[in-house]
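One-based numbering along the sequence shown. Because the structure is a prediction, the values reported are computed rather than measured.
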Amino acid sequence: MTSPAECWEVRLSLEPEIARLAAVRGTKAEIEAIEAAHARSDALIFDLEIDIEFHRAIAIASHNALALNLIEQIMEITRDPGFRAMFPAFTAETGWRHHQMIAEAIRNRHASEAENAMRTHLTAILQWLNGGGEQARVPPK
């Protein structure tokens, strides 16, 4: 139906704004849920369900029902094994470290930093998907 690069192009058009909204609108409990999802992640081992939980928690904190619905639909695509086979290997930089930057910006209510951190995160992955980047690979879980 789609490729990882197409999926990330759409995510890049949506998720930076969703992160910005989460920094502005998220409740204390919703921000704690974002941080809890990140805390369950491992810097060296990618876990798809934790990744989905992290991005979904940000969408919930945005208080935009359509954004949440779109993110849930996109994340469902990423669960498809055929789709995952086309996806690049997880790296600590594009995964854990970027998520840490996003979570910190949202926690500190720095909307523009949250937006930029999410853009950095998704752009790095999109560049990798389009053949750029020589990141050290860590095998997925």
Side-chain angles (χ1 to χ4, degrees), residues 1-27 29-141:
M1 182 172 110
T2 189
S3 70
E6 287 179 344
C7 184
W8 257 251
E9 288 171 351
V10 171
R11 289 182 69 182
L12 190 54
S13 71
L14 297 172
E15 287 192 76
E17 176 64 14
I18 292 169
R20 186 188 72 73
L21 290 172
V24 172
R25 298 177 176 171
T27 66
E30 290 163 345
I31 292 170
E32 287 171 355
I34 294 166
E35 292 181 312
H38 180 60
R40 280 192 290 286
S41 66
D42 185 307
L44 299 177
I45 300 170
F46 178 72
D47 184 305
L48 176 62
E49 293 307 316
I50 292 173
D51 184 68
I52 289 172
E53 179 184 351
F54 178 79
H55 287 274
R56 185 176 185 280
I58 293 169
I60 290 169
S62 78
H63 289 254
N64 183 308
L66 180 57
L68 174 59
N69 184 274
L70 292 170
I71 292 304
E72 287 176 335
Q73 288 180 47
I74 291 168
M75 291 305 175
E76 195 56 39
I77 293 168
T78 69
R79 284 188 169 112
D80 179 85
F83 182 90
R84 295 300 310 164
M86 297 183 284
F87 196 73
F90 172 78
T91 71
E93 181 66 27
T94 59
W96 197 89
R97 288 187 194 108
H98 287 172
H99 282 195
Q100 181 69 32
M101 291 171 20
I102 295 162
E104 285 178 8
I106 292 171
R107 178 184 62 242
N108 293 325
R109 305 285 186 178
H110 295 157
S112 63
E113 287 179 27
E115 180 180 0
N116 290 334
M118 183 66 79
R119 184 172 289 105
T120 295
H121 174 53
L122 297 172
T123 298
I125 297 168
L126 181 59
Q127 287 173 341
W128 202 100
L129 288 167
N130 287 326
E134 296 293 326
Q135 302 170 15
R137 297 183 190 184
V138 177
K141 186 176 179 179

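- Ring geometry for W8 against F83 counts as parallel: the plane angle stays under 30°, on a 0 to 90° scale with 60° as the upper cut.
- Partners of E6 under the salt bridge (charged side-chain N to carboxylate O under 4.0 Å, His left out) rule, at least two apart in sequence or in another chain, do not exist in this structure.
- Atom CG in N130 sits 12.0 Å away from atom CD1 in I125 (nearest 0.5 Å).
- When every heavy atom of V24 is checked against every heavy atom of R109, the shortest pair comes out as O-NH1, 3.6 Å.
- The shortest heavy-atom contact between R11 and P16 is O-CD, 3.7 Å.
- For the atom pair CD1 of I34 and NE2 of H99, the computed distance is 11.5 Å after rounding to the nearest 0.5 Å.
- Between H98 and H121, the angle of the ring planes goes over 60°, which puts this pair in the perpendicular group of the 30/60° scheme.
- In this structure E113 satisfies the salt bridge (charged side-chain N to carboxylate O under 4.0 Å, His left out) test with no other residue, sequence neighbours excluded.
- Of all heavy-atom pairs between R25 and N64, the closest is NH1-CB, 4.4 Å.
- Between I74 and L14, the closest side-chain pair of non-hydrogen atoms falls below 4.5 Å.
- For E104, the side chain to side chain donor-acceptor pair (under 3.5 Å) partners are Q100, not counting sequence neighbours.
- Residues satisfying the side chain to side chain contact (heavy atoms under 4.5 Å, CB included) test with R79, not counting sequence neighbours, are L48, E49, I52, E76.
- In this structure, S112 has no side chain to side chain contact (heavy atoms under 4.5 Å, CB included) partners at least two apart in sequence or on a different chain.
- With sequence neighbours left out, T27 forms a side chain to side chain donor-acceptor pair (under 3.5 Å) with E30.
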Would you sort out whether I18 and M118 count as a side-chain contact (heavy atoms from CB on, under 4.5 Å), showing the intermediate values?
CA-CA 9 Å; I18 292 169; M118 183 66 79; over 6 Å; no
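- With rounding to the nearest 0.5 Å, the separation of SG in C7 from CD in Q73 is 11.5 Å.
- By the 4.5 Å heavy-atom criterion applied to side chains, R107 and E35 are counted as neighbours.
- Of all non-hydrogen atoms in L21 and S62, the two that sit nearest each other are CB-CB, 3.8 Å.
- With hydrogens and angles ignored, the 3.5 Å screen pairs a side-chain donor or acceptor of S41 with a backbone N or O of H38.
- Taking both residues in full, the closest heavy atoms of A114 and I106 are given as CB-CG1, 3.8 Å, listed atom of the first, atom of the second, then distance.
- A distance of 12.5 Å separates CG of L12 from CD of E17, quoted to the nearest 0.5 Å.
- Rounding to the nearest 0.5 Å places CD of Q127 at 11.5 Å from CG of L122.
- Distance CD1/I58 to CD1/I71: 9.0 Å, rounded to 0.5 Å.
- In this structure, the side chains of L44 and W96 stay at 4.5 Å or more apart for every pair of heavy atoms.
- Residues A5 and L126 share a closest heavy-atom pair of O-CD1, 3.5 Å.
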